[in-house]
Each structure stands twice: as structure tokens, then as C-alpha cells.
**Student:** 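Sharing a structure with you now.
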Amino acid sequence: PHGKPLRYDGENLHLEPEIEEIATFYAAKLGTEHAKKKTFNQNFFADFKRAMRKHNSKYSGIIKDFKKCDFSVIRAHLDAVKAQQKDMRPCERKAIREAEAARVAKYQVAIVDGREEKVGNYRVEPPGLFLGRGEHPLAGKVKRRILPEDVTINIGEQETPPECPLPGHRWKKIVHEHSVTWLAFWRDSITSGFKYVWLGAGSAFKGMSDHSKFEKARKLHGVIGHVRAEYRRAWKSKDLSEQQRAVATYLIDVLALRVGNEKSEDEADTVGCCSLRFEHVKLERPSTLRLDFLGKDSIRYVNSVSVDPAVFACLQRFLNGKKNGDDVFDLVTVTSLNDYLRGFMDGLSGKVFRTYNASVTLDRLLQDTAGRDRVV
DNA sequence: GGTGGGGACTCAGAAATGTAGTC
DNA sequence: AGACTACATTTCTGAGTCCCCAC
């Protein structure tokens with residue numbers, strides 16, 4: 001606790017440590033795009049008030065209006081701490097950095113099947129405000145502190161589990177899973193999703209996995225002709241769901257779209273191929289498809305492509321009678337699409353097309369530059 | 001068979017940190 | 001030598017994919 005007050009309606013309020021910490025999370029985000037968003041501020045303030053009630057804060061009945069909260073004293077303190085670090089002499093800063101590196105060194109490696117491997121993320125995520133990308137409904141919520149009691153450790157039966165770093169605490173569970181590659185996991189307090197500790201990208205597990213990914217893409221090269229012939233045929237199918245599946249496959253193949261799984265209400269509204277809706281698609285005669293949607297990470301995708309006339313006719317049928325909010329591919333699910341793709345080749349799924357597409361593109365660019373005295 | 005949640009993995013943008021060049 | 005800065009690299013963690021299994 002730094003003891004710096006929150007200014008509220010012109011008064012200095014010295015918050016209890018737990019409350020002060022949350023106020024400090026917000027102060028750290030002042031001036032960022034996050035703190036300009038309504039959802040972010042609303043979620044933060046709701047959690048801030050909830051924390052005050054939970055800790056029986058004496059300010060619980062006082063702090064009621066977000067607009068009267070002024071975090072600038074706390075922010076000034078954070079800025080001062082940063083400036084102080086910056087003002088340190090380089091040799092001093094270096095010494096601190098080296099001491100910290102020595103302290104964490106033992107957490108950065110793991111022995112796997114007798115080999116020493118680098119660990120990727122060896123720290124749990126610290127508490128703070130959930131940021132999220134785009135218009136995330138949960139942005140600004142307080143992400144709680146992860147304690148040893150939240151963490152499951154995966155280690156060999158014969159090995160001594162790592163010592164719990166917090167005195168008086170213990171790990172949630174010690175397991176010996178041989179079919180997975182994670183070293184530890186906990187659940188995220190905001191999304192309730194899994195958060196894992198993995199080995200580094202250079203580890204054997206990650207390397208083998210990457211290798212098999214590219215081998216799969218290479219294998220797709222062998223059957224892509226068959227896949228294409230098959231989906232072209234299915235554009236003319238009498239079965240509308242088959243038509244939809246064939247057009248979706250075409251878009252994934254030609255435009256390298258992501259498959260587009262369903263998302264829940266408490267996530268940002270983003271889409272991929274199978275979740276495209278009426279409002280994301282425009283058809284322009286004679287045969288231009290115009291796509292405009294928010295994809296992964298709420299990155300906008302805008303593209304106009306000339307498509308096969310048969311695809312254009314299919315899309316006209318799919319959109320017929322639909323309105324905003326309706327799925328373009330209402331008869332296709334990601335599961336059904338991947339089941340269909342697996343019929344062509346073991347392990348084939350929508351994702352493989354993106355790896356394949358990128359690999360073919362890189363290969364072509366390398367061919368194009370070959371022989372021309374260029375560094376690539 | 002369709003659906004829905006659990007679970008484990010990759011992908012990827014933002015933020016933090018490091019480095020090299022210039023004054 | 002140090003400050004300043006632009007650019008590169010690394011870290012962090014949120015956002016996807018996909019498979020499994022129960023109902």
C-alpha cells in the first residue's frame with residue numbers, strides 16, 4: 001500500500017489496502033484507450049463498489065458516483081515511482097536487473113525426460129483490470145489475485161513438487177498427467193477459462209507439434225485438388241446444407257478465412273466464416289462478394305472479391321429472405337464442416353487451410369525473388 | 001446426430017523491454 | 001559518457017481452433 005488518497009468530490013479518501021489496490025489498477029490505465037470506454041468504466045466501478053462492500057470499507061456508503069472519483073494523486077505517485085527508476089544510474093539499474101534474473105533463474109527451466117527445457121510463462125498472471133479487445137462486455141472487471149490454492153501442478157510421480165512460494169499456502173493439487181504438455185494450470189477469474197504454464201517455443205514438445213502442423217499442410221497439398229473438385233461439384237447439390245458447406249469451404253480455401261466458432265454473449269461480437277451474418281456480406285452483380293466484418297481480436301476485415309458465378313448464385317440463395325442478425329451459413333456448423341474435411345484426409349480441419357495458404361504464399365514469394373540478387 | 005461444456009493447444013496484438021545509432 | 005530516440009525483440013495474456021465426452 002502506498003497510502004496515496006483517492007480524491008472523491010474534493011475530499012482525500014485514504015482507502016483500505018485492498019480497495020486502494022483496485023483504485024491503483026484503474027489509475028494505471030488513466031489516459032489509455034481502455035479508460036475512455038463506457039463498458040470498461042462501468043464494469044470497473046461496479047467491481048470497485050463490490051470490493052468495498054465485501055471488505056466492509058468505510059467508504060462503501062460514500063463513493064457512489066464514478067464521475068466524482070479522481071485518481072490523479074495515485075497516478076502521480078505511479079509516475080513518480082517510474083521516474084525514480086529512470087533516474088537511477090545505469091550501473092545501479094543493471095545490478096537490480098541482474099539480481100532479479102538470478103532470483104527467477106530456477107523457475108525458467110524444467111527437466112523433461114532428462115533434458116533441460118525452457119519454460120515459457122513461469123509467472124501466474126498478476127491481478128489487475130481485464131482489458132480485452134474491441135467491445136468486450138467484461139472489459140474493466142477486476143481480475144483477482146491467483147493463489148497457490150488455485151494452481152494445479154503437473155509433474156513426474158518420482159519428482160518433488162516445486163516448493164510453494166507463499167508461506168502458509170499450498171498447491172491446489174499435484175497431478176502426474178503423461179498425455180499433456182502443460183506444467184501447471186489455474187482458472188481465469190473473469191472468463192473462467194484455463195490458463196496454463198507451458199514449455200517455451202523452442203522445447204521438443206512445441207517443436208514436434210509445429211512440425212506435425214506443417215506436415216499436415218504438406219499433406220493437404222496432395223489432396224487439395226480433390227477437395228476443390230468436390231466442393232465445386234457440391235455448389236450444384238440439391239441439398240442446401242451441402243451447398244452451404246461447399247461455399248464455406250471455398251471461402252476458407254480461397255480467402256484463408258478462419259472457421260468462425262460460435263461465441264457467447266459475454267465475449268466481443270466477432271466472426272469467422274461459419275458465423276458470418278447477413279450484415280457482413282454484400283453481393284454486387286455480376287459476381288462480386290464484398291465482406292466486411294470484425295474478425296479475431298476485433299480486427300476489421302474488408303475485402304471485395306470476384307467469385308465463381310456458381311458461388312455468387314449460391315450466396316444469393318443463402319441470403320434470400322434473411323435479415324440482419326441471421327447466419328449466412330445457417331445449415332453449417334464448425335463441427336459438421338470439420339467432420340466433412342476429415343473425410344478427405346486424416347487431421348484435416350479448417351485451420352490447416354490457413355497454414356497451407358501461408359506456406360504456398362511464402363513459397364511463391366521465395367520463387368519470385370530467387371535469382372534476383374535479393375536478401376529474403 | 002445435435003448440443004454444450006470441458007480441456008488443451010496455437011495464434012496474435014499490445015505492452016514492456018532491449019539495443020543500436022546519434023548527438 | 002550519458003541522454004535521447006527509433007526500431008527490434010520479448011513477454012504477456014486475450015482470442016481463437018478443435019477434439020472429447022455426456023446427455
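Because only heavy atoms are used, hydrogens play no part in the values below, and waters and symmetry mates are left out as well, while side chains stay in. So that the names make sense, note that chain A is the first sequence line, chain B the second, and so on, each numbered from 1.
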**Student:** Hey, is the main chain of A:F278 close enough, under 3.5 Å, to the side chain of A:N324 for a donor-acceptor pair?
**Tutor:** no

**Student:** Indicate whether OP1 or OP2 belonging to B:dA8 is found under 4.0 Å from a side-chain N or O atom of A:T181.
**Tutor:** no

**Student:** Examine the side chains of A:D239 and A:S237 and answer whether a donor and an acceptor come within less than 3.5 Å of each other.
**Tutor:** no

**Student:** Restricting to side chain to side chain donor-acceptor pair (under 3.5 Å), what partner residues turn up for A:E18, sequence neighbours left out?
**Tutor:** none

**Student:** Sorted by first residue and then second, give each ring pair (Phe, Tyr, Trp, His ring centres under 6.0 Å) pair with at least one member in residues 73-125 of chain A; sequence neighbours left out.
**Tutor:** A:H2-A:H77

**Student:** Tell me the interatomic distance from A:L129, atom CG, to C:dG14, atom C1', rounded to whole angstroms.
**Tutor:** 15 Å

**Student:** Could you give all pairs that pass the salt bridge (charged side-chain N to carboxylate O under 4.0 Å, His left out) test and reach residues 291-313 of chain A, with sequence neighbours left out?
**Tutor:** A:R133-A:D297, A:R232-A:D308, A:D292-A:R300

**Student:** Using nucleotides 15-20 of chain B, report all nitrogen or oxygen pairs with the protein that are shorter than 3.5 Å.
**Tutor:**
none

**Student:** Which residues pass the salt bridge (Lys or Arg N to Asp or Glu O under 4.0 Å) test with A:D79, sequence neighbours left out?
**Tutor:** A:R75

**Student:** When you measure from every atom of DNA chain B, which of residues 257-279 of chain A have a heavy atom less than 4.0 Å away?
**Tutor:** A:R258

**Student:** Mind checking side-chain contact (heavy atoms from CB on, under 4.5 Å) for A:T335 and listing every partner two or more places apart, or none if nothing turns up?
**Tutor:** A:T333, A:D339

**Student:** Would you tell me whether A:H178 and A:E157 have side-chain atoms, one donor and one acceptor, within less than 3.5 Å of each other?
**Tutor:** yes

**Student:** Write down the distance between CD1 (A:I299) and P (B:dA12), rounded to a whole number of angstrom.
**Tutor:** 11 Å

**Student:** Would you call A:D253 and A:I224 a side-chain contact if the rule is heavy atoms closer than 4.5 Å?
**Tutor:** yes

**Student:** Using whole Å, what does the distance between atom C1' of nucleotide B:dT10 and atom CZ of A:F194 come to?
**Tutor:** 17 Å

**Student:** Counting any heavy atom closer than 4.0 Å, what does A:G295 reach on the DNA or RNA strands: base, sugar-phosphate only, or nothing?
**Tutor:** sugar-phosphate

**Student:** Closest-nucleotide mapping onto DNA chain B: is A:Y196 or A:T355 further toward the 5' terminus? I mean the 5' end.
**Tutor:** A:Y196

**Student:** Could you state the atom-to-atom distance from CG of A:L331 to C1' of B:dT3 in whole Å?
**Tutor:** 16 Å

**Student:** Considering only heavy atoms from C-beta outward, does the side chain of A:I63 approach that of A:L15 to under 4.5 Å?
**Tutor:** yes

**Student:** Quick check on contacts: within residues 333-345 of chain A, what sits under 4.0 Å from DNA chain C by heavy-atom distance?
**Tutor:** A:N338, A:R342

**Student:** Report the nucleotide, chosen from B:dC9, B:dC11, B:dG7, that has the shortest atom-to-atom distance to any side-chain atom of A:W198.
**Tutor:** B:dC9

**Student:** For the pair made of OH in A:Y301 and C1' in C:dG16, what is the distance, rounded to whole Å?
**Tutor:** 17 Å

**Student:** Name all residues meeting the ring-ring contact (aromatic ring centres under 6.0 Å, His included) criterion together with A:W235; count only those two or more places apart in sequence or in a different chain, and write none if there are none.
**Tutor:** A:Y231, A:Y250

**Student:** For A:S349 and C:dC18, is the shortest distance between a side-chain N/O and OP1 or OP2 below 4.0 Å?
**Tutor:** yes

**Student:** Given atom CG of A:D188 and atom C1' of C:dA15, what is their separation to the nearest angstrom?
**Tutor:** 12 Å

**Student:** Does the protein touch nucleotides 4-13 of chain C at the base, only the backbone, or not at all? Give it as B, S and - per nucleotide, heavy atoms under 4.0 Å.
**Tutor:** --------SS

**Student:** Without decimals, in angstroms, what is the distance between A:K296 NZ and B:dC11 C1'?
**Tutor:** 4 Å

**Student:** Could you work out, with salt bridge (Lys or Arg N to Asp or Glu O under 4.0 Å) as the rule, every residue matching A:E230, not counting sequence neighbours?
**Tutor:** A:R233

**Student:** Can you tell me if the side-chain N/O atoms of A:R354 get under 4.0 Å from OP1 or OP2 in B:dA12?
**Tutor:** yes

**Student:** So, do A:L199 and A:T181 sit near enough that their side-chain heavy atoms are less than 4.5 Å apart?
**Tutor:** no

**Student:** Within this structure, what is the CG-to-P distance between A:D330 and B:dG2, rounded to whole angstrom?
**Tutor:** 14 Å

**Student:** Do A:K351 side-chain and B:dC11 base share a donor-acceptor contact under 3.5 Å?
**Tutor:** no

**Student:** Can you tell me if A:S359 uses its side chain to pair, donor with acceptor, with the backbone of A:T355 under 3.5 Å?
**Tutor:** yes

**Student:** With sequence neighbours excluded, tell me which residues meet ring-ring contact (aromatic ring centres under 6.0 Å, His included) with A:Y301.
**Tutor:** A:F293

